Amino acid sequence: MANRLDVIIFGASGFTGKYAVYEAVSVLGDLKWGIAGRNREKLEAVLEEMGSKANRNLRDTPITIASVENEQSLLEMAKRCRVLVNCCGPYRFYGEPVIRACLEAGTHHVDVSGETQFMESMQLKYHAQAQERNVYMISACGFDSIPAEMGIVYAEKNFDGVVNSVEAYVKTYARGGRAAGGGIHYGTWASAIHAIANWKEIRDIRRELFKTNVPRSYPIIKRRRPLSYSDVVKGVCLPFPGPDESVVMRSQRYLYEHKKKRPVQMHAYLTFKSYIVAGILALGALFLGLMMQFSFGRRWLLKYPKLFTFGAVSHEGPSEEAMERTYFSTTIKAMGWPKSSVSGASNEPSGPPTKSLTIKVTGPNPGYGATNVALLCTAKIILKESDKMPGTGGVIPPGAAFAETSLISELEKHEHGLKFEILSNK
């Protein structure tokens, strides 16, 4: 198609999508981009609202009408661009038809899914076809799981040796006190509920997806017990419930299978200031997790999100004030060996790990600011640095797709992007 756009943002009238439009003004400034969705009036309203917010006239931005209920419209949309940025979730219900359309059109696809079942089932079903078409299908391109994935890439590039394991400590906080308006949009909440409620599906998917075993790296890193104190972040830790560990595991498997790279072990944690706060949240999470296992519990959680989350989740999403005050940090401690410890024909390190490197990844508004910058940056890198990515395409996680690209430096260019820094190197 002669007038093919570089990027289309699908689902642009949704909460995440409209802020992707706002960030596109700076991130995609030198590319030809457009938006897509079901309702032209709503899409035009988004262009007006986000154009005013960005102080830019967006009225001439190309609009495509497409719906997940009309596969022909999805195909026509996919044919109109080189990379489709998919903001239309929950992906469990709406993601697969978009994937199929992109495969048929030969169009790359990126999204912000944190739904492990969706990501791994798409790899199981469509990885071979994506390789045949030489297109990239890359999920988890937002807060889940770019900070963890590219944080590990950054740590390994600066380690000057061999990394055996990493621990990632995630913290979110509001500057100037908690702002009114909650912090999570209903769509994100619904995705999490359905993913947790159907977690048992993962076992069957992985049995088919991972036919061969990846050798274990030694020594094996032990998971911290719940409610443990970490000197790394001077805080109390709980296991991180997000998909970071599973996404990192898939990247490490991919890099081992294709480059024979030694897999890095990884555990992720949430960090809190006190045992009291962590304990209260742990009990709340257990209660919610139990409710998600029953159909009546899921109905209540979906019908009354504000009630069960004390206002943290709403259909309106976080207010502008709340988003502007919210920040996150992911502190990653890597353990391994210096180059001098790597010897012998097996090229395996000898003795216990003696070297450590601690880095920090930080950013603003993790759900809808840094997430959208990361998402759009991945689309931009696919267009500009495909020669540095795995040459066969496929359904692959971001840590494998972008390990050799300049994604990190691209993320650091933008106001709402990510910052990477070394805290200690011993």
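Remember, it's a predicted structure, so these values are computed and weren't measured experimentally. The first residue of the sequence shown is numbered 1, and numbering continues consecutively from there. Atoms considered below: every heavy atom in the structure, side chains included; atoms not considered: hydrogens, waters and symmetry mates.
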Whether [X] side chain and [Y] backbone form a donor-acceptor pair below 3.5 Å:
X      : Y      : answer
Asn372 : Tyr368 : yes
Trp189 : Leu301 : yes
Ser329 : Thr362 : no
Gln252 : Val264 : yes
Lys419 : Glu412 : yes
Arg133 : Glu104 : yes
Tyr269 : Ser230 : no
Thr378 : Leu375 : yes
Thr358 : Lys333 : no
Glu149 : Gly399 : yes

Check: [X]/[Y] side-chain N/O donor and acceptor closer than 3.5 Å:
X      : Y      : value
Ser139 : Asp111 : yes
Ser217 : Asn164 : no
Thr116 : Arg206 : no
Ser191 : Glu115 : yes
His416 : Asn365 : no

**OP:** Start with the C-alpha distance between Arg56 and Thr61, add both sets of side-chain angles, then the distance that settles side chain to side chain donor-acceptor pair (under 3.5 Å), and finish with yes or no.
**Re:** CA-CA 11 Å; Arg56 185 75 59 85; Thr61 303; over 6 Å; no

Original post:
Angle class for the Phe240/Phe143 ring planes (parallel below 30°, perpendicular above 60°, tilted otherwise)?
Top reply: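 Correct class here is perpendicular.
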
Original post:
Do the rings of Tyr186 and His315 sit parallel, tilted or perpendicular, given the 30° and 60° boundaries?
Top reply: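 Rings of Tyr186 and His315: parallel, as their planes differ by under 30°.
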
Give a yes or no on whether a salt bridge exists between [X] and [Y], defined as a side-chain N under 4.0 angstrom from a carboxylate O.
X      : Y      : value
Asp6   : Arg82  : yes
Glu96  : Arg100 : yes
Glu257 : Lys260 : no

Original post:
If you draw the axis of the six-membered ring of Tyr173, does the NZ or CZ of Lys171 fall within 45° of it and under 6.0 Å from the ring centre?
Top reply: yes

Original post:
Name the one of Leu84, Val110, Val135 that satisfies side-chain contact (heavy atoms from CB on, under 4.5 Å) with Cys102?
Top reply: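 By the side-chain contact (heavy atoms from CB on, under 4.5 Å) criterion, Cys102 pairs with just one of Leu84, Val110, Val135: Leu84.
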
**OP:** For a side-chain contact (heavy atoms from CB on, under 4.5 Å) with Leu423, tell me which candidate from Ile332, Ile359, Thr331 qualifies.
**Re:** Thr331

Original post:
When His194 is tested against each of Tyr94, Phe118, Trp199, Phe93 for ring pair (Phe, Tyr, Trp, His ring centres under 6.0 Å), which residue passes?
Top reply: Phe93

Original post:
Considering only heavy atoms from C-beta outward, does the side chain of Ile382 approach that of Phe402 to under 4.5 Å?
Top reply: yes

Original post:
Any chance CG of Asn55 has more than 12 other-residue heavy atoms, nucleotides or ligands included, within less than 6.0 Å?
Top reply: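 No, the 6.0 Å shell around CG holds no more than 12 heavy atoms from other groups.
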
